[in-house]
Visitor: 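Before I ask anything, let me first share the structure, which is written out below as structure tokens.
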2 protein chains.
Amino acid sequence: MTSKDKNTELKILKAAKEVFIVKGLEGSRMQEIADTAGINKSLLHYYFRTKDNLFDAVFKDAFFSMIPRIAKMFESDISIFNKIEIFVNDYIDMIVQNQYLPNFIFHETNRNPEKVVFLLKDVGLNPMLIIDIFNEEIKKGNIKPIDPKQLIINIVSMCVFPFVAKPVMKGLFFNNNEKEFKIFIEERKKQVTNFIINAISIK
Amino acid sequence: MTSKDKNTELKILKAAKEVFIVKGLEGSRMQEIADTAGINKSLLHYYFRTKDNLFDAVFKDAFFSMIPRIAKMFESDISIFNKIEIFVNDYIDMIVQNQYLPNFIFHETNRNPEKVVFLLKDVGLNPMLIIDIFNEEIKKGNIKPIDPKQLIINIVSMCVFPFVAKPVMKGLFFNNNEKEFKIFIEERKKQVTNFIINAISIK
DNA sequence: GTCTATATTGTGATAGAC
DNA sequence: GTCTATCACAATATAGAC
């Protein structure tokens with residue numbers, strides 16, 4: 001029985017992630033992944049048998065690095081406004097480190113929506129927990145009455161969307177200047193936090 | 001000199017749009033486009049020579065149906081709050097009619113950012129016009145001081161993002177129920193409008 | 001476990017008859 | 001202008017030597 005080399009497997013996964021995340025499933029070539037990993041093309045098949053298998057491994061990992069994080073960030077014991085501030089800062093920071101992640105996930109989930117259902121069953125992610133947190137705050141009169149789902153989507157939208165629309169935004173607002181875009185994003189953390197707080201706090 | 005049949009050309013463009021918009025450039029097959037148009041595969045090449053040409057025609061059309069609309073909607077002569085309300089309603093309605101449009105545009109612009117620069121030069125779209133409108137309102141003291149670019153992104157984010165993230169949202173919040181998602185979006189028009197107004201209006 | 005060589009299928013594109 | 005037949009190559013996948 002031949003056992004697989006964990007080190008090689010990780011090299012492959014790392015390379016596959018690099019390529020898939022930028023070019024997507026159908027835009028990626030096994031050859032390019034092999035080159036990126038510095039190994040032979042047929043080794044990919046030895047370790048993962050098919051392109052789809054390799055892709056699934058990468059996708060699952062990417063999906064879980066982005067989605068459950070939302071829930072985790074609201075689990076601390078500080079005020080709701082602080083929670084929002086920390087979430088906005090951390091989530092934007094995370095995406096800055098993984099610029100292609102949002103587009104990758106959304107493109108692939110749209111191409112293959114069934115996969116999401118399957119993946120979500122795997123992870124112990126219950127959005128009800130966050131929803132309850134917001135409902136509690138509303139009941140206590142700390143924030144305005146609002147559908148928590150709508151509020152959560154608002155928060156996440158404003159953090160993630162600029163990266164999804166980055167090329168269009170850069171062209172429209174920043175003369176395609178990467179540096180200006182970066183400054184905008186850095187400034188955005190404060191702006192979004194304040195925007196949300198203004199929208200939900202009781203005067 | 002053989003002249004091309006306008007009717008066939010439109011049939012092809014319509015079919016190409018259907019396929020490309022859902023599957024993207026690299027996920028689409030010329031065969032499927034031909035089948036959808038009810039014609040032969042080689043006719044596609046007769047009319048557009050290459051897949052890339054056909055794609056460019058479709059993409060340009062899609063891009064211009066989504067992006068300049070943002071500017072147009074702020075050109076009326078009503079109050080800024082009414083402008084925002086109308087924009088949110090109309091833009092969400094437009095996307096409901098073209099569910100795959102946002103993902104298509106963002107996926108392809110990320111795959112090929114240079115194309116955006118080129119396209120934006122073609123269209124007489126000056127975001128400065130909208131920015132000035134907001135600056136004017138701030139000066140008049142009608143809304144809180146805020147970077148207009150950040151505000152515009154906030155508004156567009158909240159309208160568009162739910163469709164980009166639709167499969168994930170449906171799985172997380174709505175048990176994959178399409179009807180519940182639709183209700184959520186319908187309700188969202190009011191919610192987003194109010195959210196924005198609360199955030200920027202002066203108390 | 002890793003490589004070279006090769007099989008196999010898919011897909012964009014062209015030639016040529018009508 | 002539209003079709004059938006075919007080319008040429010790209011890309012996934014497998015066989016087999018080491």
Side-chain angles (χ1 to χ4, degrees), chain A residues 1-62 100 104 107-108 111-112 114-115, chain B residues 1-62 104 107-108 110-112 114-115:
Chain A
M1 172 74 190
T2 56
S3 129
K4 287 169 184 172
D5 185 324
K6 205 72 198 167
N7 189 43
T8 306
E9 189 172 328
L10 287 175
K11 263 200 308 190
I12 293 175
L13 280 170
K14 186 166 173 291
K17 188 175 175 180
E18 270 179 54
V19 177
F20 277 139
I21 232 171
V22 175
K23 309 200 169 176
L25 169 62
E26 313 188 90
S28 300
R29 301 291 156 243
M30 295 295 267
Q31 185 63 62
E32 186 177 354
I33 295 171
D35 292 347
T36 306
I39 55 154
N40 193 278
K41 196 173 52 148
S42 56
L43 257 195
L44 300 180
H45 289 97
Y46 176 75
Y47 277 85
F48 292 89
R49 216 178 71 256
T50 66
K51 185 186 183 183
D52 277 341
N53 276 353
L54 179 53
F55 178 82
D56 283 347
V58 169
F59 182 75
K60 196 171 173 175
D61 187 58
Y100 289 97
F104 174 64
H107 173 68
E108 300 297 341
R111 283 287 289 124
N112 223 331
E114 319 82 58
K115 232 176 241 178
Chain B
M1 173 72 189
T2 55
S3 130
K4 286 168 185 174
D5 185 324
K6 204 73 199 167
N7 189 43
T8 306
E9 190 173 327
L10 287 175
K11 261 200 310 189
I12 292 175
L13 279 170
K14 186 167 174 288
K17 188 175 176 179
E18 271 180 54
V19 177
F20 277 139
I21 232 170
V22 176
K23 308 199 168 177
L25 168 61
E26 312 186 271
S28 299
R29 300 292 155 245
M30 294 297 267
Q31 186 62 61
E32 187 177 354
I33 295 171
D35 293 346
T36 306
I39 56 155
N40 194 279
K41 193 173 56 149
S42 55
L43 257 195
L44 300 180
H45 289 97
Y46 176 75
Y47 277 85
F48 292 88
R49 217 177 72 256
T50 65
K51 186 186 184 184
D52 277 341
N53 277 351
L54 179 53
F55 178 82
D56 283 347
V58 169
F59 182 74
K60 197 171 172 173
D61 187 59
F104 174 63
H107 174 67
E108 300 297 341
N110 271 282
R111 283 290 287 127
N112 223 331
E114 319 84 56
K115 233 177 242 179

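In this text, all values refer to a predicted model and were calculated from it rather than measured experimentally.
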Visitor: Under the criterion side-chain hydrogen bond (donor to acceptor under 3.5 Å, both in side chains), I'd like the reasoning laid out for A:Asp35 against A:Gln31: C-alpha separation, chi angles, the key distance, then a yes or no.
Guide: CA-CA 6 Å; A:Asp35 292 347; A:Gln31 185 63 62; 3.0 Å; yes
Visitor: Let me know the distance between CG of A:Asn40 and C1' of C:dT6, rounded to the nearest Å.
Guide: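 Spelled out: CG on A:Asn40 to C1' on C:dT6 is 13 Å.
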Visitor: Quick test of your reading of the model: are B:Lys23 and B:Glu32 salt-bridged, counting only N-O distances below 4.0 Å?
Guide: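 Counted as a salt bridge, because a side-chain N and a carboxylate O are separated by less than 4.0 Å.
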Visitor: To the nearest angstrom, how far is B:Asn7 atom CG from D:dT2 atom P?
Guide: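 To the nearest whole Å, that distance equals 9 Å.
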Visitor: Let me check something: any side-chain donor-acceptor pairs from residues 37-45 of chain B under 3.5 Å, sequence neighbours excluded? List them with distances.
Guide:
unit_1  : atom_1 : unit_2  : atom_2 : d
B:Asn40 : OD1    : B:Ser42 : N      : 2.9
B:Asn40 : OD1    : B:Ser42 : OG     : 3.0

Visitor: Do NZ/NE/NH1/NH2 and the carboxylate oxygens of A:Arg111 and A:Glu26 come within less than 4.0 Å?
Guide: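 Looking at A:Arg111 and A:Glu26, the cut-off is met.
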Visitor: Does a side-chain heavy-atom distance below 4.5 Å link A:Asp5 with A:Tyr47?
Guide: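 Answer yes - side chains close enough.
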Visitor: In B/S/- notation, 5' to 3', how is nucleotides 11-18 of chain C contacted by protein heavy atoms closer than 4.0 Å?
Guide: SBBB----
Visitor: Starting at atom CG of A:Leu43, determine the distance to atom P of D:dA15, rounded to an integer number of angstrom.
Guide: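 The distance from CG of A:Leu43 to P of D:dA15 comes to 16 Å, rounded to the nearest Å.
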Visitor: Looking only at the aromatic ring of each residue, does the gap between the centers of B:Phe20 and B:Phe59 stay below 6.0 angstrom?
Guide: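 No.
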Visitor: Rounded to the Å, how far apart are A:Ile12 CD1 and D:dT12 C1'?
Guide: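 In whole Å, D:dT12 C1' lies 15 Å from A:Ile12 CD1.
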Visitor: May I have the distance from A:Asp35 (atom CG) to D:dA11 (atom C1'), rounded to whole angstrom?
Guide: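 In whole Å, D:dA11 C1' lies 13 Å from A:Asp35 CG.
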